[in-house]
Amino acid sequence: MTGFAELAAATSYSFLRGASHPADMVAEAIGQGQAGIGIADRNTVAGVVRAHVALKQAREDAAAAGLPDIPFRLVVGARLVFMDGTPDIVAYPATRMGWGRLTRLLTTGNLRARKGDCDLTIDDLIGHAEELLLIVMGGAGDGAVLRRLRAACPGRVWLGATMPRGGRDRRRLAALMRVAGEAGVPILATNDPLYATPDQRPLHDVLTCIRHGTTIAEAGRRLAANGERHVKPPQEMTRLFRDCPGAVAESVALIARIGFDLDQLRYEYPREPVPEGWEPQGWLEHLVEQAARDRYGTELPAKVRALIDEEFALIRAQDYACYFLTVHDLVRFARAQTPPILCQGRGSAANSIVCFLLGVTSVDPAQHDLLFSRFVSAERREPPDIDVDFEHERREEVIQYIYRRYGRERAGIAATVIHYRPRSAVADVGKVLGFSKDVTARLVGTVWGSFSGSMEERRYADMGFDPASPAVARLKGLVDQILQFPRHLSQHVGGFVLTQDRLDETVPIHNAAMAGRTFIEWDKDDIDALGLMKVDVLALGMLTCIRKAFDLMRQHGLGDHDLGVNIDADDPAVYDMLCRGDSIGVFQVESRAQINMLPRLRPRCLYDLTVQVAIVRPGPIEGDMVHPYLRRRSQAEPVDYPSPAPPHDPDELKALLGKTFGVPLFQEQAMKLAIVAADFTKAEANQLRRAMATFRNVGTMDGFRQKMVEGMTRRGYEAAFAERCFKQIEGFGSYGFPESHALSFARLVYVSSWIKYYQPAVFACALLNAQPMGFYAPAQIVRDAREHGIMVLPIDINASLSDNRLEAGADGALALRMGFRQMDGFREQWAAALVAARDAEGRFDTIEALARRAGLPQRALRLLADADAFGSLALDRRQALWDVRRTPDAELPLFAAARAAELGQEPDMTLPAMPAAEQVAIDYQTLRLSLKDHPMTFIRPILAREGVLRCADLATTTPGRTVCVGGIVLVRQRPGKGNAIFVTVEDESGITNVVIWARLFELFRRQVMAARLILVEGVVQRSPEGVIHLMAARIHDRTALLDQLGDDPAPGVGNGTIGAGHHPRDVRIIPKSRDFH
Amino acid sequence: MPPRSAGPGETPFACVERVRGAIRIAAPDPRAQALGIVPNMALADARALLPELDVVEADPAADQSWLERIADQCDRYTPMVALDPADGVTLDVTGCAHLFGGEAGLAADLEGRMRVWTGHLRHAFAETPEAAQALARFQTAPAGSEDMALRRLGVAALRLPEEVAVALHRAGLKTIGDLAARPSGPVAARFGAETTEALARLLGRMDSRIQPRRAPPALFFEQRFHDPIARTDDVLATIGALAEQAAEVLAERDRGGRRFAVRLYRTDGATRDLGIESGLPLRYPAIVIRLFRERVAALADPLDPGFGFDMIRLAVPMVEPLAATQLRLEGGAVSEEAMAALVDRLGVRLGRNRICRLAPRDTHIPEQGVLTMAAVDAPALPVAWDAPEPGEPPLRPIHLFDPPQRIMVMAEVPDGPPHRFRWRRTLYDVTRFEGPERIASEWWRRADGAGLTRDYYRVEDRRGRRFWIFRHGLYERETADPGWYVHGLFA
């Protein structure tokens, strides 16, 4: 038996160098009967977990098929590439300790370098070389390096030799043998492979071109001369190395010396949160018991007692106490800040009573009889899942606290592997193959969104490219191969891995692009596979908004609240408001689709809100679950639960789907359905979940379909029902929403609705101050506030703050005063200086006084005048602008005084008065909204002559009539499969929801996409709940009417560029709408 | 390959440019504009609007040279020609117009000639350059007088920074008339002296002249013809006559020309430039005319006179001192420059493509590794010759057979070395070999994406003769029966 193990295998994680995934390298080596493989990527171990998982999977598959175990070893390490001219060295840790040395070595190099690089020298290696086995990959062999390493690591150095078919291989090998003999190190045979099989040479060439930023035609000798760097079978290696048979045998000898395996990475939660003298479990129980007594009194309700005891037992059995304590520690830190940072947990474990009592969530599991599946199942050894959302403006404080408390060597953000997507793959490969940018742009231009995982052939054909033509076929072939290739590592949005021991002895750490952040090399899947645990520290804009609302309420004597407000979430008035679809600005349920759903679903309790949050998603919509749910809920249709044949429990689905009237809406239900009804094992269900969650396994879903349908029919369900169930699961695919998350979100829906209902002025103000977030622009928020009877006051130098504020209006009610932050380009420091000067010496009486006292530059003054902020000086916009432009910049008082004398003597200019329409137009240009009027008011006379209705008129129009409505385009959306396009238009009376079918859209694409002011002819439709839509039949672009608003160039003026249309100066009167493409 | 539209006019079309990583529309054509494509729009947005939009990358250098060429045309009316970027040319025709039948005649002549270059032509005559530029660009309807026409224009005609133009609008001062009617002091105080000065220049209240785009050449001599000439000999004779005039002037000044430029003006408005350069200053007319003769003879396309040339101008844009000199008697080494000069002269005389130089090319394929190119062209590819490894025999022979010659070989499968081969009916026994050097095909040049790999061996026979031979195709992986070839002989 020829024994050989390839020990210098690079993978796709040697970014743009390796041309095969780790799993493919492992599979190829197994298939060839190698004794093992060593995965060593360029200064990284990012790909080793994938290889590890692939081998495990192969072993499981073999065992499942009744085959003997695979005699194969995977060893993991890294190929060290140095900055100082030292030849590459492949390093394998022999032991767990050696692994720690390797990861610390890589960390050292990573943190020293700019992002993405790893700066290493041979001295670094020698400083971290304990327990590492080193293979020097030298072309000609470097005797000095070998001798130096041998002295530092006796018996642990090899000289790697290759036979690359370069013409002089045998002489080179002889030279290497001489060098190795002199240095006293053994020679080791390797093929230094960059890909698994020879047919990946084109792909490797393309990657090389991408790396060099060149095209295949121009790359020349930067490409490899031949395609030999694949994994070669042991017989072939023996044949190649017949001059030095020992080199081949040496590979097996080396692998035998390695005792390290990734499974040895043991993980411990940090013990920081546990005080001296306590055990984690004891301390957790102590905290929870104390909180329970604070809330329920000394005598706990029986239900609470039972829940707590059950959860304690589970946590103890799984040894998760430290995890809960760590989350609690973060939450406690956030709460302890002045002012406190709002936060809320979600995820399966977050719905436990332990989390509720620790203050991680504000959903009381005792009140809401929540979940059929408990938060951690004992069988499924999966880490518990708690994501904590923090105010988005202040999350960084929490992140820096984590780094401070645990140290950078013990805390790191997980990586996100940035993969090639169709867009980037077509662009990069197309460029290499010499396609013009135009052609590739056209190809990727047709991919809506960038998240589809494969380039369908149809796309090429759609664009008029013949998929059979060789050039296009080649492009397609290579794009298909490169899809899902990792391109680089980036940081995860907020998943932290914290450890008791040094994290950098488990995995290398990198500097992130963002200052003050470091992240580890492994991503979520890797961390899961190794059983490390992570806490997600996420940012949520709505929490910022809610906190600002609470602050305002406190400030105006409206009570002192936190997220626990109205903890029972049972105020009927709040639900009444939601049932009316009055939810602009409310968390999660403010989109058009949600607003339309509210009157149909008519939520009356927190669980209804949970359903509401989860139901308007691609999963339930594409799985066609929305209508059955609504019909059953409104008792228009009987609720039935298909039963299996005996001897199975006929009510098994009732237990599972009872709360949602027999319709699976949540991800957990879909999973459970597979387990209960189709007899999936836990492991299979887990695989199904993963297949659903990622796009990578597009091909594997078919297998699951068969299994599911078979499983269900075997247990006596009808095949049609089984098919439908699977369709629903598939529908969840990418966007299924778990109940455990929806519930926490529902709580925030309730809290934000509560504020909106009871304190609409506070809510609007906080929402504006938390921008940008949510679905609506400030104009719509202000409009909504005014429709709720809130007085909205303009920006004024003698009243506004930087933020929007509340002040007592004329009638004593709170009025919303717009702040300087609503002005584009007005710096916060100017606002601060202005407010400080006003607070110190009282109101400003003149523009000069403002400039002098606040030290504002000319530009700031002009912006204020543009924004019409001099109302309290009785200066209208035009006069203020005129005066401001000659006001000198803040300067020495002496000169200012001297200059002031000159300012009086000016001939009269008699400026024309600014018409109202122009005022509104400029309001939109400077503030993106106007309190004076709606732009459509001024166009209305023209439209009225044409018989165009106002949006508000639709409410009184008979459904089925064909009418014409016009307005400003607010939002264009193309959800889901893109069968329909939804456009929201607004006029002075309200909004209209327009539905355009995809076929019609193609006819009117230009009008729909380009118009800022459109007229829509169509049929009025009203749903039983009173939701009105206009089904478009014809669309007209009337953007030109906006020029009537007055800021247009004088009549008879061209635009100055011969033969051109618009000039850049031609300012957009109405801001761009929010679009889908 | 992708379908391309038949040409502009068929499909909406736009030039695009890369602005900070994003591709943006630089200039849409009228069709695209009519469909809502505007400059500065992101290409993605434009495509969402108009999926069939055809785009090419903007080429500002080409635009510039287009404008320069138009300006070149205008040299015939007046030497005072200024560029008004990005798409305008301003002429100072003071005292020139009567030569062309007055302003109307000049305009008609110009429009006739320019029709070749552009379909979008607008012009205006005015008292000041700014007024002419503003009227040409912004005027939309005829007016009673220049002053009235100007007063109607929007303030955009002042071509002020965007911020100022917007501010003027917001002040309600929207036209030149609005501004002209008001005292200038307050306007200057608010919108800067540049604004009032621009207004004054526009209205002729302030003196303004154009900056001609190039200083007239140091020396120029021209000949106009009432009857256009068309024969090449006549052209050369005229150049000779002009060269003699030039020589006189140069001799007076102790100067010689390093560069001589002839411009031929065709009656239909096209111009043709001929230039010679020399390493050393020249003035002797015989040499100048001989170089021009060679220049004309070497032209790839004949000197197309169309309906004839109506003017020829010889300019000497680069002059250097040239005193009478003596040759050095002691001689000296041939310098790089002397070599370059020799190449120049030989090239001018024999044709540039007949003086060649070998240049390395960046490819693994041996027979494509060297390119023969004209010596006057600097090697365009930044490729260096491979430096031979010290102590190593050469990997490639100097002489290659083109095409490689087929041989019969005995060798081991799959990829063993050759033992014996038959070439031109002679049998050679291989005594020593080295290899293989494996060179794979350039898959991207082949329709099937495959192609055969070559295994090159350097072999030596009994008598010490050395050959470079290769097996064409990997046994079994690529072909069942690989052929063998001798590709070269080592010295």
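Order of the sequence lines sets the chain letters (A, B, ...), proteins ahead of strands, with each chain counted from 1.
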Electrostatic pair B/E163:A/R859 at N-O distance under 4.0 angstrom: no
Is it the side chain or the backbone of B/R454 that comes within 4.5 Å of chain A heavy atoms, both, or neither? neither
Residue part contacting chain A, namely of B/Q133, when any heavy atom lies under 4.5 Å: neither
If I take atom CH2 from residue B/W444 and atom OG1 from residue A/T215, how far apart are they, to the nearest 0.5 angstrom? 10.0 Å
Using non-hydrogen atoms and a 4.5 Å limit, figure out which bit of A/R239 sits close to chain B: side chain, backbone, both or neither. side chain
Residues A/D205 and B/W443: side-chain donor-acceptor under 3.5 angstrom: yes
Side-chain touch A/D866/B/V166, heavy atoms, less than 4.5 angstrom: no
B/T453 portion near chain A, given a 4.5 angstrom heavy-atom threshold: neither
Could you report the tightest heavy-atom contact between A/R878 and B/H169, atom names first, then the distance? NH2-O, 3.5 Å
Does atom CZ (B/R432) have a neighbourhood of more than 12 heavy atoms from anything else shown, all under 6.0 Å? no
Distance check, rounded to the nearest 0.5 Å: B/R182 atom CZ versus A/L911 atom CG? 6.0 Å
Which atoms of B/I37 approach chain A - backbone, side chain, both or neither, heavy atom under 4.5 Å: neither
Name all residues meeting the salt bridge (Lys or Arg N to Asp or Glu O under 4.0 Å) criterion together with B/R24; count only those two or more places apart in sequence or in a different chain, and write none if there are none. none
For the candidates B/A171, B/G435, B/S441, which exhibits the highest count of non-hydrogen atom pairs separated by less than 4.5 Å from chain A? B/A171
Exercise: identify the closest heavy-atom pair between A/I922 and B/R170: CG2-NE, 3.5 Å
Any side-chain heavy-atom pair from B/P186 and A/R886 closer than 4.5 angstrom? no
Please identify, among B/E57, B/E437, B/R458, the residue contributing the most non-hydrogen atom pairs under 4.5 Å to chain A. B/E437
Per-residue contact mode, A/R168 against chain B (heavy atom under 4.5 angstrom): both
Portion of A/L478 that has a non-hydrogen atom of chain B nearer than 4.5 angstrom: side chain
Has the side chain of A/N226 got a donor or acceptor atom that lies under 3.5 Å from a matching backbone atom of B/I439? no
Looking at A/G227, A/A219, A/G166, A/P202, which has the largest count of heavy-atom pairs under 4.5 Å with chain B? A/P202
Just so I understand: if I count every heavy-atom pair under 4.5 Å between each of B/E442, B/R477, B/R445 and chain A, which residue has the most? B/R477
Heavy-atom distance under 4.5 Å to chain B: side chain of A/A865, backbone, both or neither? neither
Bottom line for A/P164: the part with an atom under 4.5 Å from chain B's heavy atoms is neither
For B/F191, all residues meeting ring-ring contact (aromatic ring centres under 6.0 Å, His included), sequence neighbours excluded: A/W882
Assess whether a salt bridge exists between B/D415 and A/R165, defined as any Lys/Arg side-chain N lying under 4.0 Å from an Asp/Glu carboxylate O. yes
Charged N-O contact under 4.0 Å between B/R438 and A/E228: yes
Rounded distance (nearest 0.5 Å) linking atom CZ of A/R885 with atom CG of B/L168: 7.0 Å
Between A/R170, A/R201, A/M914, who has the most heavy-atom pairs with chain B when the cutoff is under 4.5 Å? A/R201
